[in-house]
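Note that ligands are numbered from 1 as they come in the structure, with each ligand's atoms numbered from 1 the same way.
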Amino acid sequence: MSEPVGIFDSGFGGLTVVRRFLSMLPEESIVYFGDNARVPYGSRSQGEIQAFVLEVAEYLVEQGVKALVVACNTATAAALPVLKETFSLPVVGIIEPGAKEAAMTSHSGEIAVIATEYTVNSGSYQEAIKKYNSRAKVYGQACPLFVPFVEKGKLSGPEVESAAGEYLSFLADTAVDTLVLGCTHYPHLVNVIRRVVGPELRIVDPAVATVATLREVLQKQGLLAPASNVPGHRFYTSADPEQFRRFGQQLLGFPMDYVKQVPVKK
Ligand code: DGL
């Protein structure tokens with residue numbers, strides 16, 4: 001069996017990346033880590049996020065993964081360089097691929113990124129988008145209630161609609177034609193987001209470009225699993241494994257046969 005790819009997030013958000021992974025790289029195996037005991041990362045300091053991310057990545061590397069996917073924008077913004085310095089295996093972040101796709105597809109050159117407080121304040125998307133379109137105008141909007149909604153299993157309803165309406169109201173005064181879901185939890189809320197922004201706006205989920213980037217990296221390094229590989233997936237959470245399995249399977253639309261709890265530092 002070919003070695004698995006390690007994918008991690010602060011919680012259930014990274015499953016939106018796993019979903020793309022399963023359809024785009026069906027022969028590859030996954031070891032996923034959701035740090036549900038310490039979610040949210042998005043309101044924490046860089047030092048704290050880096051410490052959490054290094055601890056989780058270390059665990060995945062010990063499991064024998066051949067590459068790491070940072071399926072968390074906040075972790076990518078706070079810790080991608082330190083991850084690349086620390087580990088010798090390929091590490092793929094989620095911001096650059098999503099930023100590139102947004103820059104390439106916007107016609108008006110006005111792009112909005114909704115993300116956690118940390119990601120918005122880091123300016124990482126602004127910087128990455130401008131690499132591909134130096135004249136782009138980038139709006140960043142934090143949506144601090146979205147991650148807790150998803151973690152609690154609240155994916156629709158009046159509370160979510162009203163928060164989304166408020167967070168996205170700034171779009172009315174702009175020429176934005178492209179909206180980046182700059183937090184991996186947000187695609188779980190895409191139905192509500194789509195209703196609020198209407199049918200015209202292009203919504204970019206960076207997960208697709210991220211998995212495509214991973215595929216290129218694995219190919220270049222001769223690490224792709226053979227087509228004959230029978231994949232096996234393992235899921236780890238720092239919180240309650242039964243709850244992770246129940247809600248995770250529902251979000252993913254895929255069975256989670258192997259779910260274990262891994263304790264983390266507080
Ligand atoms: N899913 C994570 C992201 O992409 C962050 C959620 C959190 O705040 O923990 O940014």
Side-chain angles (χ1 to χ4, degrees), residues 6-21 32-57 68-80 83 91-99 101-102 112-128 140-155 160 163-164 167 179-190 193 203-211 213-214 235-239 244 247-248 251-252 264 266:
I7 304 183
F8 66 93
D9 177 50
S10 57
F12 290 116
L15 295 181
T16 62
V17 179
V18 170
R19 202 158 53 198
R20 304 292 186 175
F21 185 107
Y32 182 86
F33 197 112
D35 195 1
N36 302 73
R38 298 186 294 198
V39 69
Y41 281 9
S43 50
R44 298 176 188 269
S45 69
Q46 181 175 29
E48 216 171 0
I49 300 166
Q50 283 187 348
F52 292 176
V53 165
L54 285 170
E55 185 186 348
V56 167
L68 284 172
V69 177
V70 189
C72 175
N73 293 262
T74 310
T76 301
L80 187 63
L83 282 169
V91 183
V92 176
I94 191 162
I95 292 181
E96 179 88 20
E101 186 184 336
V113 180
I114 52 172
T116 64
E117 258 173 291
Y118 186 91
T119 303
V120 169
N121 293 337
S122 74
S124 303
Y125 265 103
Q126 285 86 334
E127 200 182 304
Q141 171 69 48
C143 308
L145 290 174
F146 280 1
V147 169
F149 281 153
V150 171
E151 290 290 321
K152 279 187 261 163
K154 200 184 252 291
L155 305 185
V160 186
Y167 291 145
L179 173 69
V180 181
L181 304 182
C183 169
T184 53
H185 281 72
Y186 298 179
H188 291 309
L189 302 174
V190 73
I193 294 170
I203 295 180
V204 172
D205 175 358
V208 181
T210 301
V211 176
T213 303
L214 170 72
F235 294 86
Y236 295 98
T237 174
S238 51
F244 186 91
F247 187 44
L251 287 171
L252 199 53
V264 289
K266 273 291 155 195

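Thr16 is linked by a side-chain contact (heavy atoms from CB on, under 4.5 Å) to Arg19, Thr184, Pro187, His188, counting only residues two or more places apart in sequence or in another chain. For Glu101, the side chain to side chain donor-acceptor pair (under 3.5 Å) partners two or more places apart in sequence, or in a different chain, are Arg202. The side-chain contact (heavy atoms from CB on, under 4.5 Å) search around Glu96 returns Ala128, Lys131, Tyr132, not counting sequence neighbours.
Counting only distance, with no hydrogens or angles, the side chain of Arg38 and the backbone of Val264 share no donor-acceptor pair below 3.5 Å.
Across Asp9, Thr74, Asp35, Thr116, a single residue satisfies side-chain hydrogen bond (donor to acceptor under 3.5 Å, both in side chains) together with Tyr41, and that is Asp35.
Within a 6.0 Å radius of CD in Glu127, other residues, nucleotides and ligands contribute 12 heavy atoms or fewer.
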When you pair each N or O of ligand 1 with protein N or O atoms, which pairs come out under 3.5 Å?
from     : atom 1 : to     : atom 2 : distance (Å)
ligand 1 : 1 (N)  : Asp9   : OD1    : 2.9
ligand 1 : 1 (N)  : Thr184 : OG1    : 2.9
ligand 1 : 1 (N)  : His185 : ND1    : 2.8
ligand 1 : 4 (O)  : Asn73  : N      : 2.7
ligand 1 : 4 (O)  : Asn73  : ND2    : 3.0
ligand 1 : 4 (O)  : Thr184 : N      : 2.8
ligand 1 : 4 (O)  : Thr184 : OG1    : 3.3
ligand 1 : 8 (O)  : Tyr41  : N      : 3.3
ligand 1 : 8 (O)  : Gly42  : N      : 2.8
ligand 1 : 9 (O)  : Ser10  : OG     : 2.6
ligand 1 : 9 (O)  : Tyr41  : N      : 2.6
ligand 1 : 10 (O) : Asn73  : N      : 3.4
ligand 1 : 10 (O) : Thr74  : N      : 3.1
ligand 1 : 10 (O) : Thr74  : OG1    : 2.6

